[in-house]
Amino acid sequence: MLRKRILTGAIRPGSPLREVALARELGISRNTFREAIQALVFDGLVRHAPNRGATVARLGVDDAHDIYTVRRTLELAALERAVASRPADLRPLGDALGELERAAADHDWERLVEADLCFHRRLVDVLGSARLSGFFRTVETQIRLAFSIVAYADREYEHPAPLIEEHRDLFDVILRGQLDVARPMLIEHLAKYERRLVAVLADHEGRQAAEASDAG
């Protein structure tokens, strides 16, 4: 429940997670609450400092660049394998595209974010490496948070057609084995969302700095 609230923006970045109040609100013990916090710290969604307690993690501009460095490294390597794959081996990728289209048709923001992430997760899985897939999953929650920030800021779920078209076009050229077309397409897709995420985060950091200056 805490993860869902964080990823949907119900609990905003930087917000304190008060143990007593939230444990009571969620109807769980304080020990259970602490275990949940530990899991969220591991996912990178929560920061915990001694004597200061837990707060929802803030993504910064440097975090955004780092996340997309990971994505480019893994997804471009996977793309080379994907274009050389048989169509039957790409069925999970096609299934992920289908779910993305259904979520868009329903204007379901949470499913849209998850289906978008699933498409890229399935692309990395094409590499056939449990370790690389596992590494992608270690940063997956932060990638999901990045998706959520952009989707929330742009209200992308209300007009998802461009997002669907980009994924459908990429899948089509992968099926046709056109690496020379697919590679720049994926690079631009990732770069576009990196730029947008950086812009949103930079704006947020600027407003924070201004507020701190005014308070000083």
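Only heavy atoms go into these numbers, but all of them, side chains included; no hydrogens, no water, no symmetry mates.
Residues passing the salt bridge (charged side-chain N to carboxylate O under 4.0 Å, His left out) test with Asp63: none are found, sequence neighbours excluded. With sequence neighbours left out, Asp66 forms a side-chain hydrogen bond (donor to acceptor under 3.5 Å, both in side chains) with no residue at all. A search for side chain to side chain contact (heavy atoms under 4.5 Å, CB included) contacts involving Ala64 returns Leu197, Val198, Leu201, not counting sequence neighbours. Residues meeting the salt bridge (charged side-chain N to carboxylate O under 4.0 Å, His left out) test with Glu75, sequence neighbours left out: Arg71. Judged as a salt bridge (charged side-chain N to carboxylate O under 4.0 Å, His left out), and not counting sequence neighbours, the contacts of Arg102 are Glu99. For Phe33, there are no ring pair (Phe, Tyr, Trp, His ring centres under 6.0 Å) partners, not counting sequence neighbours. Partners of Glu188 under the side chain to side chain contact (heavy atoms under 4.5 Å, CB included) rule, at least two apart in sequence or in another chain, are Ala191, Lys192, Arg195. Judged as a side-chain hydrogen bond (donor to acceptor under 3.5 Å, both in side chains), and not counting sequence neighbours, Arg91 has no contacts. Qualifying side chain to side chain contact (heavy atoms under 4.5 Å, CB included) partners for Thr73, counting only residues two or more places apart in sequence or in other chains: Thr69. Every residue two or more places apart in sequence or in another chain was checked for a salt bridge (charged side-chain N to carboxylate O under 4.0 Å, His left out) with Arg176, and none qualifies.
The CD atom of Glu166 sits 10.5 Å away from the CG atom of Leu186 when rounded to the nearest 0.5 Å. Distance CD1/Ile28 to CG/Leu22: 8.5 Å, rounded to 0.5 Å. Going from atom CG of Asp95 over to atom CG of Leu100 covers 12.5 Å, rounded to the nearest 0.5 Å. Atom CE of Met185 is separated from atom CD1 of Ile174 by 9.0 Å, given to the nearest 0.5 angstrom. Rounding to the nearest 0.5 Å places CG of Leu93 at 9.5 Å from CZ of Arg122.
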Show your reasoning for whether side chain to side chain contact (heavy atoms under 4.5 Å, CB included) applies to Arg34 and Asn31.
-> CA-CA 5 Å; Arg34 292 182 194 124; Asn31 282 338; 2.7 Å; yes

request  = Check step by step if side chain to side chain contact (heavy atoms under 4.5 Å, CB included) holds for Val126 and Leu79.
outcome  = CA-CA 8 Å; Val126 171; Leu79 186 67; over 6 Å; no

Practice task
I would like to know whether Leu117 and Glu140 meet side chain to side chain contact (heavy atoms under 4.5 Å, CB included); could you show each step before the answer?
Solution key: CA-CA 8 Å; Leu117 180 60; Glu140 188 172 298; 3.3 Å; yes

Please assess Leu74 against Leu123 for the test side chain to side chain contact (heavy atoms under 4.5 Å, CB included), listing each intermediate value before the final yes or no. CA-CA 9 Å; Leu74 292 179; Leu123 178 60; over 6 Å; no

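Counting only residues at least two apart or in different chains, ring pair (Phe, Tyr, Trp, His ring centres under 6.0 Å) contacts with residues 160-190 comprise Phe119-His167, His120-His167, His120-His189, His167-His189, His189-Tyr193. Counting only residues at least two apart or on different chains, the side-chain hydrogen bond (donor to acceptor under 3.5 Å, both in side chains) pairs with a member in residues 127-136 are Asp125-Ser133.
Looking at heavy atoms from C-beta onward, Leu90 lies in side-chain contact with Leu175 at the 4.5 angstrom threshold. Ile187 is not listed as a side-chain neighbour of Arg72, based on a closest heavy-atom distance of 4.5 Å or more. You'll find the side chain of Val124 stays beyond 4.5 Å of the side chain of Phe135, heavy atoms only. Side-chain contact check for Val56 versus Leu40: every heavy-atom pair is 4.5 Å or farther apart. Looking at heavy atoms from C-beta onward, Glu101 lies in side-chain contact with Leu97 at the 4.5 angstrom threshold.
A distance-only check finds no donor-acceptor pair linking the side chain of Arg47 to the backbone of Thr55 [under 3.5 Å].
Side-chain heavy atoms closer than 4.5 Å link hydrophobic residues (I, L, V, M, F, W, Y) into clusters, and following such links, possibly through other members, connects Val41 to Met1. Phe42 is not connected to Val46 by any chain of hydrophobic side-chain contacts under 4.5 Å among Ile, Leu, Val, Met, Phe, Trp and Tyr, and they are in different clusters. When the side chains of ILVMFWY residues are joined at heavy-atom separations under 4.5 Å, either directly or via intervening members, Leu26 and Leu45 end up in a single hydrophobic cluster.
Listed here is the closest heavy atom pair of His107 and Pro160: CE1-CD, 4.0 Å. Closest approach of Arg81 and Leu127 over heavy atoms only: NH1-O, 3.1 Å. Residues Leu2 and Ala36 share a closest heavy-atom pair of CD1-CB, 4.5 Å. Taking every heavy atom of both residues into account, Asp89 and Pro92 meet most closely at O-CD, 3.7 Å. Pairing each heavy atom of Leu170 with each of Val173, the nearest pair is O-CG2, 3.1 Å.
Ion pair Arg121/Glu114 flagged as a salt bridge, since at least one NZ, NE, NH1 or NH2 atom sits closer than 4.0 Å to an Asp/Glu carboxylate oxygen.
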